[in-house]
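Only one structure is covered here, and it is reproduced in the block below.
Values below: all heavy atoms of this structure, side chains included; hydrogens, waters and symmetry mates excluded. Labels below follow one simple rule: chain letters A, B, ... track the order of the sequence lines, proteins then strands, and each chain is numbered from 1. Quick caveat, the model's predicted, so the values are computed rather than measured.
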Number of protein chains: 2
Amino acid sequence: MGLTQEDVERLDDIVKRTRPLHRGDFLFRDGDRFRSLYVVKTGSVKTFAPSPEGGEQVLGFHLPGEIIGLDAIDKDEHACSAKVLETSAICEIPFQRLEELTCSIPSLQHQMYRLLSKEIGHDTDMLLLLGKKNAEERLAAFLLSLSQRLHKRGLSPSDFYLSMSRHEIGNYLGLAVETVSRLFTRFQDDGLMRVDRKHIELLDLPALEALVGGNGQGRRQNQQR
Amino acid sequence: MGLTQEDVERLDDIVKRTRPLHRGDFLFRDGDRFRSLYVVKTGSVKTFAPSPEGGEQVLGFHLPGEIIGLDAIDKDEHACSAKVLETSAICEIPFQRLEELTCSIPSLQHQMYRLLSKEIGHDTDMLLLLGKKNAEERLAAFLLSLSQRLHKRGLSPSDFYLSMSRHEIGNYLGLAVETVSRLFTRFQDDGLMRVDRKHIELLDLPALEALVGGNGQGRRQNQQR
DNA sequence: TGGTCGTATTGATCTGGATCAAATATCTTC
DNA sequence: GAAGATATTTGATCCAGATCAATACGACCA
């Protein structure tokens, strides 16, 4: 990424490795003072925000290599909570230290901008998903997203375990649990995938991609010409 | 914001003022190479992304003081288009120049991080809106958002003109035009507001806030305990 | 002054997915 | 490893809001 060996070492110096966290542990809770960004090394984390009605909205599932906490820089306070879904190794990066570093390493600063920008782009994708896609397309998009992100980390893109519950998936996708469950069944019946409890095998990636990308008709709402 | 007079001048130096743009003009289109950020001085702009089905998703409406283009830093390419809704004055900030500047002015760098982070926070709010709120709550939230943002700029929080069509509002909120129209009528009948074409008068801000925040029951879906 | 076009409103109907209900499968705990 | 708690699946019903259809209202123009 345009960083010298020395730069990498300086960055490495400020990263804290914590002992493994376990299912249910919090990285932070909404309202906490913002101090650090977190990077998932292994395992997975979900972030979620309280909704005024007392429920919560799952904002994302974070897999190895992904960063958590960028939304808290603005207010210097976390607006969402982060909860570990399975035994996980997480790195902590004190933001103040990082900021000092990015001041003196232009290419690191650029990476930070890119990282923040990428997060915005990802949120944009979710807006499109929630605003324009039907249940089927949402679940297909979700599965493909997991698949692609795992693949990027060198894991199998078609055979993996879900660390989150159906309930959490539904919450994330703006669907009821029952709908998620029914879709899993349907996808399986259609030969797109095999589901056994948390174990997922994607049998027909191209078909799933077709579901997400432009076939179907979304919610058909607001037919834009 | 912790900037010295001199800092401000240096920032000011790289900002380009363009002649006023008119309804329908594009600041950029999706796919365009990313060069600059844009700040609305007067007027308004909408950003929207193509959806695979051929439609589009309105991502936001940008009022004076708001910045556009942050999502393009990552890929160095715009993923959405920005279209001017009414005669508007827009400033252009070449990003490369800005980046050089933020390297040498730590407090400016911090502001940039905050700006990017704030954008993420805003998207998060929209996710909650699209994922958990019903039509009524969405429109109320939309009106209040406009109200608050205009107020922040010293304009009336309760009397303003919409520069976007009902269609665009619906698209943005994930609702059909007809629903938006019906809700305007309903809100008016309930004495919450007065609507005449594009002219909006909010008569009962507290009631609108109550609609958004925690009364009602959202989509009641996924009742989180 | 009347005509055309695009936007908005209003009414009637339909439907995807939520909700309700219940059975079943899995995980926990002691 | 039995009892209770929790998560998932499956079926039946319901409804908010989409879709379809028709009308009304400007704005603009010849």
Query raised in the report: Atom CZ in B:Arg166, atom CZ in B:Arg197: separation rounded to 0.5 Å?
Result: 7.5 Å

Query raised in the report: With A:Glu86, which residues qualify under salt bridge (Lys or Arg N to Asp or Glu O under 4.0 Å), at least two apart?
Result: none

Query raised in the report: Can you find a heavy atom in the side chain of B:Met164 that is under 4.5 Å from one in the side chain of B:Lys46?
Result: no

Query raised in the report: Rounding to a whole Å, what distance do you find between B:Leu139:CG and D:dA18:P?
Result: 12 Å

Query raised in the report: From D:dG17, C:dA8, D:dT9, pick the nucleotide closest to the side chain of A:Arg166?
Result: D:dT9

Requested in this report: Assign the ring pair B:Phe142 / B:Phe61 to parallel, tilted or perpendicular, where the plane angle (0 to 90°) is split at 30° and 60°.
Outcome: perpendicular

Requested in this report: Please examine the side chains of A:Leu129 and A:Leu173, heavy atoms only from C-beta on, and report whether any two atoms are closer than 4.5 Å.
Outcome: yes

Report task. Give the rounded distance in Å between these two atoms: CG of B:Leu173 and P of D:dA16. Result -> 19 Å

Query raised in the report: Using rotation axes that map the C1' atoms of four end pairs onto the next four (five pairs an end), what angle separates the end axes of the helix from C:dT1-D:dA30 to C:dC30-D:dG1, to 10°?
Result: 50°

Query - Within residues 193-202 of chain B, residues whose heavy atoms come under 4.0 Å of DNA chain C - result: B:Arg197, B:Lys198

Report task. Measure the distance from CD1 on A:Ile169 to P on D:dT8 and round it to the nearest whole Å. Result -> 8 Å

Query raised in the report: Which of residues 181-188 of chain B sit near DNA chain C, with a heavy atom under 4.0 Å from it?
Result: B:Ser181, B:Arg182, B:Thr185

Query raised in the report: Has A:Thr179 got a side-chain N or O lying under 4.0 Å from the OP1 or OP2 atom of C:dG17?
Result: no

Query raised in the report: To the nearest 0.5 Å, how far apart are OG in A:Ser181 and CZ in A:Arg186?
Result: 12.0 Å

Query - Integer-rounded Å distance: D:dA18 P and A:Lys133 NZ - result: 17 Å

Report summary line: Rounding to 0.5 Å, atoms CD (A:Glu119) and CD (B:Glu119) come to a distance of 12.0 Å

Query - Nucleotide C:dG16, atom C1' - distance to CD of A:Glu136 in whole Å - result: 11 Å

Query raised in the report: What integer distance in Å separates B:Glu178:CD from C:dT10:C1'?
Result: 10 Å

Requested in this report: Mind jotting down which residue pairs meet the side-chain hydrogen bond (donor to acceptor under 3.5 Å, both in side chains) criterion with at least one end in residues 58-74 of chain B? Sequence neighbours excluded, please.
Outcome: A:Arg114-B:Asp74, B:Thr47-B:His62, B:Glu66-B:Arg149

Report task. Find the distance B:Leu85:CG to C:dT7:P and express it as a whole number of Å. Result -> 13 Å

Report task. Look up atom CG in A:Leu128 and atom CD in A:Glu137, then write down how far apart they are to the nearest 0.5 Å. Result -> 10.0 Å

Tell me which donor-acceptor pairs under 3.5 Å the side chains of residues 31-42 of chain A have, and how far apart each pair is, sequence neighbours excluded?
residue, atom, partner, partner atom, Å
A:Asp32, OD2, A:Arg29, N, 2.8
A:Arg33, NE, A:Asp76, OD2, 3.0
A:Ser36, OG, A:Glu92, OE2, 2.8
A:Thr42, OG1, A:Ala89, N, 3.3

Requested in this report: Report the distance from atom NE2 of B:His167 to atom P of C:dT9, rounded to the nearest whole Å.
Outcome: 14 Å

Query - Residues A:Arg17, A:Asp12: salt bridge by 4.0 Å N-O rule - result: yes

